[in-house]
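Each ligand, and each atom within it, is numbered from 1 in the order the structure gives. No hydrogens, no waters, no symmetry mates; every other heavy atom, side chains included, goes into these values. Since this is a predicted model, take the numbers as computed values, not measurements.
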Amino acid sequence: MKFASVIVDVPARQTDRPFDYIIPQRWEDLVQTGMRVVVPFGPRKLQGFVIGIKDTVDVDVNKLKTLHELLDVTPVLNEELLQLGSWLTEETLCFKISAFQVMLPTAIKATYKKQLRLHRPEDVAANVKLLFQGKESIDWNVLDEQPQLYRAVQTEIAKGTVEVVYEVKDKAQKKKQKMIQPVLPYEELEETAFHLKSKKQQDVLYYFMEHYRSVPLKIVLEELQMTDAPIKSLVKKGLLAEKYVEVYRNPYDDDAFERTKPLPLTEEQQQVITPILTSITKEKHETFLLYGVTGSGKTEVYLQSIEEVLRKGKEAIVLVPEISLTPQMVDRFKGRFGSQVAVLHSALSVGEKYDEWRKILRKEVKVVVGARSAIFAPFENLGIIIIDEEHESSYKQEDNPRYHARTVAIRRGEYHNCPVVLGSATPTLESFARAKKGVYELLTMTKRMNERDLPSVEIIDMREELRAGNRSMFSQLLHEKMADRLEKKEQMVLFLNRRGHSTFVMCRDCGYVVQCPHCDISLTYHRMNNRLKCHYCSYEENLPNACPACNSSYIRFFGTGTQKVEEEITKLFPEARVIRMDVDTTSRKGMHEKLLKSFGAGEADILLGTQMIAKGLDFPNITLVGVLTADTMLHLPDFRASEKTYQLLTQVSGRAGRHELPGEVVIQTYTPEHYSVELAKQQQYDTFFEREMYMRKIRQYPPYYYVALVTVSHPEILKAVQVTEKIVGFLRQHCAQQTMILGPVASAIPRIKDRYRYQCMIKYKREPNLKYVLKMVNEHYQAEMQKDLQISIDFNPTMLM
Ligand code: ADP
Ligand code: ZN
Ligand code: ZN
C-alpha cells in the first residue's frame, strides 16, 4: 500500500502540517509529489498538494482516508519549488499552503474548468486519441470514466503532445467587450445632464464629459461603482450608445518588435560582464551587485549575459519593478530574444498570466521578464537571475508570505548554481553594505554612455519663494525654464509625488482636515465625482459645503494633485500640450503604453506624473525635469525615508539629458538642507551611503541591526493593546539582552477598516531563536486568531505603516 502526504488548503495553524492519505491502487503509479489532489477532510472535500509519497505510516492504517480525486496529471510544482515552499514557510512564518499557492498563477488556484487539449495530434498514441473522439479538446472529467487511460494521458502530457488547459472564466467574455460611448456632442453633455432627474444618470454623463470617447462598460461601472441600470436608461433615451468590440488575448504581438543586435560593449561594460560570464560558464553561484549610474548601459549587460545563458541551453529570469510601468523594457527584451520571452506582470488578466506561465512549463520560452512573482517561474535549468532596480520596495510582498524576491532569487541561484545579478544606480543600503563586505561581488559602472554629463541640478527653497510673494506651485526658476523649453520645442517631465498624497480637504479658517471615520487617515478628494474617498477602506462621502468644525464655507481641497497641477499649467501656458500620467489616467489596460508612445512621438510638451514616470523613461528630447515637492517622501514615518528620497530624486533626475541634448533638473523643496536632497543633487551615492550608514548605526537600524515587526489588530482598541503588551513581555523574556523590543505603540496608521492596530518592533543583531519564539506567539493565539484577532509578523519590513 502507498500513502500520500498532503498539505490541505486551509490556511490555519492546526492544519499547517502534512496529513496522510491512502493512495487507491489504481492511482499508485500515477500520483507524484507536486500534484494537486482532492481529499476528504472532516465533513468536507478539500484541495491539497502532495508533498511526499511513502510506503509506511506511523498511524493506524484503518483510520486513514483515501485520496478522493487527482487534479493534475503532471506535477504543477517540481521538486525545487516544493523545497522552496518549505523554505519560504520557515523564512516568513507563513502557512505551507500559502507558500505553495504564491508560486502558482491564479487560474490554476481557483476551481476553473479543466480540459485536455491535443497539442500535436499526429504524435498522440491511438488509445488516447480515441478518447478525444475527433474533437480538439475534451472535458477533463472524461478521464474519470476511463481511469485506465490516466497513465497513457500522463505520458502524452510529458511528451507535450497533450496539454491540460484551465478554462478561465473571463475568457469567453473577454473575446467581446461591451463599449459605451456618448452620442451627444461634447458641448451638450453638461446641459443635458443638468436637466436629468436621476443623480446616477447625471454622474454617468459627467463621467463621459471627462472621458469623451468609448469606454468599456466594465470600466465605467467599476469607476462609478454602480449597476448598469442608469446606463441602460441613458442608452434607451438615445444619449449613450453601446457596441461590442473584439478583444485580443495575446497581450504582446511578437512581430511588432523591432529586432536588435548586441552592441559592441564599452570598456566598463566589458569589465563588469566578464565575472558574470565566468560564473555562467563555471556554473558557480555568486551574487553580483551591478552598481551603475543611470544610463551607464546596465540593460545591455543583462541582455548579453542572457545571450550566453541561452547559448548554453539554459533559462533566465529578469525581474523589473511592476513591468507594466516600463513598456520600453519589454521592448528591449522582446527585441533581442523575440518569442523566447514570456512576460508576467500584474496588469495581465488571469487568463493571460496563465497563458504565459504555460509557455514556461511547456518550455516554449527561455526568458521571463516580470514583476515580483515571476521569481517563481517554473524553469528547471536556470542560468541566471537578474533583478533590475534592486532597491525597489515592490520586490517585497506585503502580504503572506511576506517574502523578498531578492532572497528567493539567491536561494534559487544556489540551487541552480547560477549567478544572481542585482542592478541599481542607487542600491539599498543593505545590498551595498554586503557588497562592501564581500558577501556580494561589487561591479561598478561610473560612466554614462558616450560620457554624457549628468544633468545639472538646481535646488529651490520653496520657503524663500513664499517669502518673496510667490504663491504658485512653480518657483520663479522652474517657470522660466518651462517657458524656455516650450519656446525651443523641447520636452519636459514634471514629477509629483503619489496621487492623493496631498489632495486632502482642509478648512482654511480653522485647519480642520476631513478624515475617514474608519481609518485614521485623511480622505482624498476626487474631482471627477466631487467626492471624498478613503484609500485604505474605500469609504466615500460628498464634499462638505461647510466645515464640520467651525461652519466656515472656506473648506477646500488642498495641495497639489496631478489634476491641480495640470490646471495650473494650462492657466500659465495655455499653448502647452500636457500628458498626465497617474493612477487615474492609466488604470485602463494599455493606457500607460499609449500615453508614453504619444509623448515619445512628440505629441505633447509636458509629461506630468507620479512615481510611475520616475523609472525607465528614455526619450531623447527631454531636457528639463522638475520635481514639484521633494519633501513628501521625506516625512513618512519610516527609517528608510531618506534612502527613498535619495533614490527617487536620483531616478527622476536620470530622466533628463540621456541623449544628445544636455539636461537640467529643478528640485523644489521646503527642506533644501537635508543631506538626501543635497547629495542627490550632486549624485554622490558613496557619500550618501556613508552619511546614511552613520545615521543607521547611531539609530540602530538595518543594515546594522535586523528589524522584525509584529502588528496586532483587533476591533477593540483595548484588546489590541493588551495582546501587544503580552507579546512584548513574552519577547523580552525570551530574547537576548542586547535585543531591543519597542512597543506597544499604535501603528503609523492606527486604524484600518475599523480595526485598531498596535505594533511592536524588534531590533536585533543575533537572535537565533526569534523565529521559534514568534511561532510560539502564533500558536498561543491560534484560537483567538480564528475569531477577531489578527497578528502579522514581518521580517525585514519595507513598509512601517
Ligand atoms: P541603464 O540601464 O544603466 O540606465 P541603458 O542600458 O538604458 O542604461 O543604456 C543607456 C543607453 O545607452 C541606451 O539607449 C542604450 O541603448 C545605450 N547603450 C548601452 N550600451 C551601449 C553600447 N555598448 N554601445 C552603444 N550604446 C549603448
Ligand atoms: Zn473650519
Ligand atoms: Zn477608511
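Residue P264 places at least one N or O, backbone or side chain, under 3.5 Å from an N or O of ligand 1.
Ligand 1 lies out of reach of G292, whose nearest heavy atom is not under 4.0 Å from it. Heavy atoms of V301 stay at 4.0 angstrom or farther from ligand 1.
Considering each of R332, E300, E389, the one bringing a non-hydrogen atom nearest atom 7 (O) of ligand 1 is R332. Distances from atom 10 (C) of ligand 1 to the heavy atoms of G295, S424, G423 put G295 nearest.
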Check residues 596-607 and write down every donor-acceptor pair under 3.5 Å in which the side-chain atom is one partner and the other belongs to a residue at least two apart or another chain.
unit_1	atom_1	unit_2	atom_2	d
S598	OG	E603	OE1	3.0
D605	OD1	R577	NH2	3.0
D605	OD2	R577	N	2.7
D605	OD2	R577	NE	3.3

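Rounded to the nearest 0.5 Å, atoms CZ (R696) and CD (E643) are 5.0 Å apart.
Taking the ring axis of Y354 as reference, the NZ or CZ atom of R358 stays within 45° of it and closer than 6.0 Å to the ring centre.
In this structure, E356 pairs ionically with K359, as a charged nitrogen and a carboxylate oxygen lie closer than 4.0 Å.
Residue I386 is tested with L319, I317, I306 for a side-chain contact (heavy atoms from CB on, under 4.5 Å); the sole match is I306. Considering Y694, F432, Y291, Y646 in turn, F432 is the only one that fulfils the ring pair (Phe, Tyr, Trp, His ring centres under 6.0 Å) rule with F689.
Counting atoms of ligand 1 from 1 in the listed order, those under 4.0 Å from a heavy atom of V293 are 3 (O). Within the listing of ligand 1, atoms 4 (O) sit less than 4.0 angstrom from a heavy atom of T294. Within the listing of ligand 1, atoms 23 (N) sit less than 4.0 angstrom from a heavy atom of L265.
Residue-level proximity to ligand 1 for Q304 is absent, since no heavy atom of it falls below 4.0 angstrom. Only the side chain of Q269 comes within contact range of ligand 1, with a heavy atom under 4.0 Å; no backbone atom does.
Within the 3.5 Å criterion, the main-chain N or O of C418 finds a donor-acceptor partner in the side chain of H285.
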